[in-house]
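Here's the structure, in structure tokens; my notes come after.
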Amino acid sequence: MGEASIGDANILQNYFRILDRNKVDQKYYTEKMKTYNLITAEQIARLEAQSCRCEDWNNVLVDPEFDTEYVRNVTFSGQIKLGSFKKIFTLAGGIRKHSGIFHATLHNVVVGDDCMIEHVRNYIANYVIGSGSYLENVTDLITYGETSFGNGIKVNVLNETGGREVIIHDNLSSHEAYISALYRHKPALTEALDKMVGKYVQSVTASFGVIGENVEILDAMHIVNVNIGPYARIKGVSRLRNGSVISCKEDPVEIGMNVIADDFIVESGSKITDGVMISKCFVGQACALGHGYSASESLFFSNCQGENGEACSLFAGPYTVTHHKSTLLIAGMFSFMNAGSGSNQSNHMYKLGPIHQGILERGAKTTSDSYILWPAKIGAFSLVMGRHVNNLDTTDLPFSYLIEQQGSTYIVPGVNLKSVGTIRDVKKWPERDKRKDPHRLDHINFNHLSPFTVQKMFAGIDILERLKEASGLRADNYSYKKATIRNAALFKGIKYYQTAIVKFLGNSLISRIQDADISTDEGLRLALRKDTAVGSGQWVDISGLIAPASEIESICDDVISGKIADVNVLSDRFLDIFAHYYNYEWTWAHDAIERYWKIDLARITRNEAADIVKQWKNAVVSLDKLIYEDARKEFDLTTMTSFGADGDKTRRDEDFNAVRGGGFDDNPFVQEVIDHIRRKSALGDGIIARLK
């Protein structure tokens, strides 16, 4: 293999690409490459006196301020460029070490200013090392051949046998991965996406690797064909092979003890520690994998967490969380999901192999020891309890409980709308967004009531009404797609959905008129006009991004036609949808309001609007009261069991209040619910008064 020159354009291009998110001054580094001088005879003599060796000193260039004092016991070969060494590193415990190169073998390496490289057991080959980086006790740091550093790896998500491959790259978003994996009914789209990503992969292919600025690599064994971005912390890893670590100053990546990673990409802010093993995986921004977690052929997007358990062919959309050693997530698509201990799925029925898949829509949860036989599709914000083997499809019954009783599945529609746990989850997700990188890959909408979920509630009401009509009002049970709905649950489900629909539509209307001049009917009508025609019809949730289906179809068409031919342009299109969410939401809500209340918003009167606001206020208050009562269950006598050891009732109550932060009325969440009722009631009354 012919050796590339360290000054080659592809090396600098790769270096700048890795550092680009840190807004690197490319001109500075380009000029820096030009300022190196040939090493002098005097410098060579000093280095050789300090046990340094080189097969050809003519291939060594040094910074004008290079000091031989800080280069000892080093063997050079190939083309070498050395910066100046002025920085003193202060380590934990107060030990100070001067930058330089000590006890190492370097082949075809650029060493930036103020680096510390010490005790390289084998050698470093074909790398550009950014200024201020600290490398100590490293076995191998090697780039060999033409490599794309994990870009271009095909990951077999959802179907272990293939057919839904997602090609990973270091700008991959959950939304791109979604259409890549699931829109296989558009073969032209798959072909165009593969071509687009292939073009990007080719642009990042190089024969030199990059270690960014201020990187720390300690006690690492084998690092081969890996790019590492600025400020990354790599400590005690066993093996990193064929990957990219897209770290940045604002949000460094940490990879820790005994980690083994092959064919991977890790994005900014992520932490992978404590014996994690991943193969053919994409780990998105601000993810955390630890405590021996293992994953293969899987995608993890923003803020996912994985500990103790395992994953295979997993599509983990934003905020997929699994903490338990006995939990397996396999061949499934999840987002905003929490897996209970012992959760498991089967992706084959002992016939043609692992060819089946499943989807839990956003916000779904599984309890301890739950089991689902794929194929199955579970509606948004549903709770799965027990073992379910009937290939369920509850996508049009969101916010439901799925309960196993004597081998059968019972659905309780809409009940999760009044669950304190659901509201707590919805509130915590944006608060727990750990991404600090200004360049965000995933564009996440956290709303639990949206056109996506509310359209399903309309469908759910229609389903329940048809079941009621078919089997009669007095039937004990109703059958729906291999599951059972009890009589009381059906009637309550209709009511829950109706209340939530009124709440959402009222929210949308009030957001339009809250700050508008509604002193006249004309002013009211003006405020309620659509901003855009986009938003009518079906909506989809493409792994965190809630969007009109028409806009996603438009993106697909533009990819097929070649109008979108760059991965960054594709990302910008998703961002544009995210930025216009509320404009599009109003278009959908506008049409839904007209259908639901059989009213023409172009001719609405203030009295009619006031009546809608009144219904909205009643819906909000009634749901909040249900949530309030659900929260009260956390403070009943049963929950106090095991409190107050070695004492009487008084000690039990005191212990409970000390641990749980006081009584029911003192709980911050309960106080927030009460305050929410007060604020929304006041808002509704104020708008009604203005309309009257």
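Heavy-atom basis, side chains included; hydrogens, waters and symmetry copies ignored.
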Electrostatic pair [X]:[Y] at N-O distance under 4.0 angstrom:
X	Y	value
D262	R239	yes
R435	D433	yes
D425	K428	yes
E136	K97	yes
E672	K427	yes
K235	E216	yes
D67	R46	no

ask   = If we ignore angles and hydrogens, is there a donor and acceptor under 3.5 Å between the side chains of Y144 and N225?
value = no
Flag side-chain contact, heavy atom, 4.5 Å: S313 against E160 = yes
key: Validation row: L570, E176 side chains within 4.5 angstrom (heavy atoms)   = yes
[X] versus [Y], closest heavy-atom pair with distance:
X	Y	value
V166	A181	CG2-CB, 3.8 Å
L329	A339	CD2-CB, 4.1 Å
D442	P318	OD2-CG, 4.5 Å

request  = Look at the rings of F315 and F301 and say which category their plane angle falls in: under 30° parallel, 30 to 60° tilted, over 60° perpendicular.
outcome  = tilted
task = Would you please classify the geometry between the H98 ring and the Y70 ring as parallel, tilted or perpendicular, with 30° and 60° separating the classes?
result = parallel
Do [X] and [Y] have their ring centres less than 6.0 Å from each other?
X	Y	result
F574	H175	yes
F264	F282	no
Y319	F446	yes

task = Give the intermediate values and the outcome of ring pair (Phe, Tyr, Trp, His ring centres under 6.0 Å) for residues F208 and Y127.
result = CA-CA 5 Å; F208 272 72; Y127 264 97; 8.4 Å; no
ask   = Hey, what do you get for CD1 (I153) to CG (D263), rounding to the nearest 0.5 Å?
value = 4.0 Å
request  = Name all pairs fulfilling the side-chain hydrogen bond (donor to acceptor under 3.5 Å, both in side chains) condition that reach into residues 290-301, sequence neighbours left out, sorted by first residue then second.
outcome  = H291-E307
request  = Determine whether more than 12 heavy atoms belonging to other residues, nucleotides or ligands lie under 6.0 Å from atom CE of M196.
outcome  = yes
